[in-house]
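Following: one structure in structure tokens, then a few remarks.
Both backbone and side-chain heavy atoms feed into the values below; hydrogens, waters and symmetry mates do not.
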Amino acid sequence: MRKLVIIDNGHGSDTSGKRSPDGRLREWQWTRIIASRLAEALTKNGIDSIIIVPEDTDIPLHVRCRRANAIAADNPGAILLSLHSNASTAGGTWGNASGWGAFIANNASAASQALASALFRQAAEARILGNRLTPACGFNRASLAICRDTHCPAVLTENMFHDNRGDVDFMLSEEGIATIVQIHAKGVADYFSQQR
């Protein structure tokens, strides 16, 4: 069975907000860097990937889900990762929440849970969980369309907080980018190794 990761790189350039208060980090640009670097890392590990949002502009959730489902229909065993950065404040102010988290749908499959757990283990090993509350299972559940309405195992990751000064410094550093990419690449590899 083909190992394939469908990468959904979050929001687009016309989403209001979704940036650090000082404007240094814009979520849509940052997630596209992560998606591109992740695709390269997966290729090195013998895992295929498809980025479903090559556009810079916002693509509606139902369109992203439709694109993912069309790919998944032709590739049994494909998985989806939706890449984001988080925020805890409104109005463009700095906050104190920090760290990494994973979300799955309320009706998530066992495979989605296994994927989220594999990613969480890598984030814990990298010591970037921050101060947010994460359940013992390693993931949160929510009614998120990109996870709920796709027909394959799906996890949305919130990769640090773009309204936390320390997180932004980390996210914009080469070390931070490499760490986030490796969390996903290693987590995916672990997940596929368990599916044999």
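A donor-acceptor contact under 3.5 angstrom links the side chains of D58 and T15, judged on distance only. Side-chain contact, R141 with N106: no donor N or O sits under 3.5 Å from an acceptor N or O. For the residue pair T31 and N9, no side-chain donor N or O sits within less than 3.5 Å of a side-chain acceptor on the partner.
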Residues 36-47, side-chain donor-acceptor partners within the protein, below 3.5 Å, at least two apart:
residue	atom	partner	partner atom	Å
R37	NH2	E174	OE2	2.6
T43	OG1	A39	O	3.0

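Looking only at distances, a side-chain donor or acceptor of H162 sits under 3.5 Å from a matching main-chain atom of N86. Of the possible polar contacts, one joining the N131 side chain to the N96 backbone as a donor-acceptor pair under 3.5 Å is found. Of the possible donor and acceptor atoms, one in the side chain of N69 sits under 3.5 Å from a partner among the backbone N and O of H151.
Look at D149 and R66 and you find no salt bridge, because none of the NZ, NE, NH1 or NH2 atoms lies under 4.0 Å from a carboxylate O. Salt bridge present: R32 and D56 bring a charged side-chain N and a carboxylate O closer than 4.0 Å.
Below 30°, between 30° and 60°, or above 60°: for W100 and F120 the angle between ring planes is between 30° and 60°, a tilted geometry.
Between the CH2 atom in W28 and the OG atom in S13 there is a gap of 5.0 Å [rounded to 0.5 Å]. Between the NZ atom of K3 and the CD atom of Q195 there is a distance of 10.5 Å, given to the nearest 0.5 Å. To the nearest 0.5 Å, atom CG of residue L83 and atom CD1 of residue I34 are 7.5 Å apart. Atom CE of M1 and atom CZ of F192 lie 9.5 Å apart (nearest 0.5 Å). The structure places CG of L119 at 6.0 Å from NE2 of H184, a figure rounded to the nearest 0.5 Å. Atom OG of S109 sits about 8.0 Å away from atom CD1 of I104, to the nearest 0.5 Å.
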Criterion salt bridge (Lys or Arg N to Asp or Glu O under 4.0 Å) on R24 and D169, from CA distance to verdict: CA-CA 9 Å; R24 289 189 301 143; D169 289 342; 2.7 Å; yes
Residues S88, D163; criterion side-chain contact (heavy atoms from CB on, under 4.5 Å); working and verdict: CA-CA 7 Å; S88 64; D163 58 2; 3.6 Å; yes
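The nearest pair of heavy atoms linking M171 to S85 is CE-CB, 3.5 Å. Closest approach of W94 to S20, counting heavy atoms only: CH2-CB, 4.1 Å. A97 and D167 make their closest contact through O-OD2, 4.3 Å (heavy atoms, listed as atom of the first residue, atom of the second, distance).
Annotation for I6: hydrophobic cluster partners, listed by chain and number, are L4, I50, I52, V53, I59, L61, V63, I71, L80, F103, L144, I146, L156 (ILVMFWY side-chain heavy atoms under 4.5 Å, direct or chained).
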